[in-house]
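When a ligand or atom number is given, it counts from 1 through the structure's own listing order. Any value given below was found using the heavy atoms of this structure, including those in side chains, with hydrogens, waters and symmetry copies removed.
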Amino acid sequence: MKTFCGRANPTTGAMEWLEEDENYDYHQEIARSRYADMLHDKDRNVKYYQGIRAAVSRVKERGEKAIVLDIGTGTGLLSMMAASAGADFCYAVEVFKPMANAAVKIVEKNGFCGKIKVINKHSTEVTVGPDGDMQCRANILVTELFDTELIGEGALPTYEHAHKYLVQEGCEAVPHRATVYVQLVESKRMWSWNKLFPVHVEAEDGEKIIVSPSEMENCPGVPSVCDIQLNQMPSSDFTILSDVVTMFSVDFSKPVRSASTYYRAQLEPVKSGKAQIVLSWWDIDMDPSGMINCTMAPYWVKSTSAFQWRDHWMQCVYFLPNEEPVLQGEKVYLTACRDEYSLWYKLQKARGEEENKADVRVESPVCRCQAHLLWNRPRFGELNDQNRTRQYIESLMKVLKTDSVCLCISDGSLLPVLAHYLGAKQVHCFFFFFKFFKANHLEDKIKIIEARPELLTSSHLEDKKVSVLVGEPFFTTSLLPWHNLYFWYARTAVTSHLTNNVTVLPQSASLHMMIVEFQDLWRIRSPCGTCEGFDVQTMDDMIKNSLNFRESKEAEPHPLWEYPCKSLSDPQEVLTFDFRKTVPQQCLSTEGSVNLSRKGKSHGAVLWMEYHLTADISVSTGLIQISNEKGNCEWNPHCKQAVYFFSSVIESETLSDLPSAVTYAINFNTKTGEIAMDFQL
Ligand code: SAH
């Protein structure tokens, strides 16, 4: 059987449905999953084990049999902990078939067959009774169904159902309780991920300001969570406006309600400023006393938090619908609204309590301005990067003439507006949101072409030839850095519409590479072996098998500003792409070797693109600089870089001789737009 998977084609920029082996989807799921990261999360594992032991003891002390329900058992880890702690029987429920199969193997390997029954079902399908999946209701409920936002993986409806149908009244729950905390901050950096700041353009005929549509003013944006490694956000990038307050708690040992609701908290600003952002994280108490606590608090709240690195649980950034001035000491109310799966926040000045309550609407936010649909958070940040905009302005000024006919190929780009203000005679671009042009009175000035570049006709261009072709390049479908080379393919497709001496901006691009040692990111791909004394190697084998599922290993995208690393080699340019020419027929390949100039573990290679706008102006989507003699790297904060992990290094605990060089072979397949690579240490 074959299945179809959606994937953007980098040569056409379009989404295509590719026929994949039926196992493809699940191999991707396993290979890129967070199971390994969870198994490496020592703090989490230790505390679950303590909590489970305590819960089993409490039940035993009451003279009852300890019957455990473990919802979302994954590898079976928490059930094995319960069985070791003396539980009489465990029902381990797992909906994802490959994981349920793995759990069966792992449970067997660790000798718990008689104590743990793996049930491959969604918990809401599980039956109880003499002929059911479970003989009787459980009196201990163990789960780990939380994401960074706590409820995004459906923990609430799952608990609601379990309390109704699968567990006894008064059951013990591990974790016992979860609490969500918030802190109000002002942060230009984070706010720039949510609103478009005015862009100032010094044109020949005076200063022009690009503004966002007025609908953006109060737009609540999109409901998807913004989860980041907040521990990588320097304290100089935000101003704390309030103390940390508890927003709400959920007691998992009692019936849980998943229906939409809201919570409110009173805040007394510790500083005057502009309330823009709600930072949020949670903790879980594994037992009722609160003595076994696992917290996601960031470094300024709990100084030891950086010690337990994890990627499966981070922190959340919520954007208030609009910025709100607050005064030190003058109370405000923060409302958290939630539905079954997501949360959003509102801030209200302390007026009459009743008046405030009437204001609370619990519908999930919907973007009204269209900008939040067109631009995601990093893209907002990129468009608000003044330094970057200045480089594009400078290079446009170099190439534009008063008779320029300009065509822009990039998704949701400000380049057409810049080109217009900087004096191009005629500007065309592909698809854009009309409201934006309207807000800037450009609807008659910039022509939107409602066709793909491949289908461009001369009538779209009013029978003119393009003398300046521009792109950032940026495309929303790009996953890996080189997927933005779609610009090159589009440029090739529109060749017949270009003048003979057309200027292409950027004139070229280059692929760069550097060997790095990660502080923590390597963990997500490293095998676990044993976890709290349980043999989970089956899981390691499964991940390895899935990673090798495709013939050649693939690089994966990661926003490296969130994942510190140090460079072990100099950055190296490995391939160049000349946009002044069309895409060649034959593949572009290169081979070579990089010397390792610094001591460390070569966890992998990082690859990124640099765009050469003109001969002397370039922008990097990867390395910005190596900040110190230790080799710490500063990365472009708006882009994801490609990471190719060297499994041989990650898998060996003790590397006796560190390699002194890494050889590579990199091949850009011009037919598919993909890059294949191979490294030898
Ligand atoms: N308990 C394991 C794995 C946690 S990951 C550990 O702590 O290491 C969560 C797992 O729960 C995933 O494998 C997911 O497929 C599964 N899951 C989530 N909701 C579920 C539900 N309602 N019923 C069954 N499985 C569920």
- Item | CG-OH distance between Leu334 and Tyr318, expressed to the nearest 0.5 angstrom | 11.0 Å
- Message: Side chains of Trp344 and Ser364, heavy atoms from C-beta outward: is any pair under 4.5 Å?
- Response: yes
- Specify whether Phe146 and Tyr159 have parallel, tilted or perpendicular ring planes, treating 30° as the upper limit for parallel and 60° as the lower limit for perpendicular. parallel
- Query: Considering only heavy atoms, which protein residues lie less than 4.0 Å from any atom of ligand 1?
  - Reply: Tyr35, Met38, Arg44, Ile71, Gly72, Thr73, Gly74, Leu78, Val93, Glu94, Val95, Phe96, Lys121, His122, Ser123, Glu144, Leu145, Thr158
- Could Arg264 and Tyr262 be counted as a cation-pi pair, given that NZ or CZ must be under 6.0 Å from the ring centre and within 45° of the axis? no
- Could you point out which residue of Leu145, Val180, Thr179 forms a side-chain contact (heavy atoms from CB on, under 4.5 Å) with Leu150? Val180
- Relative to each other, are the rings of Trp282 and Trp313 parallel, tilted or perpendicular (30° and 60° limits)? perpendicular
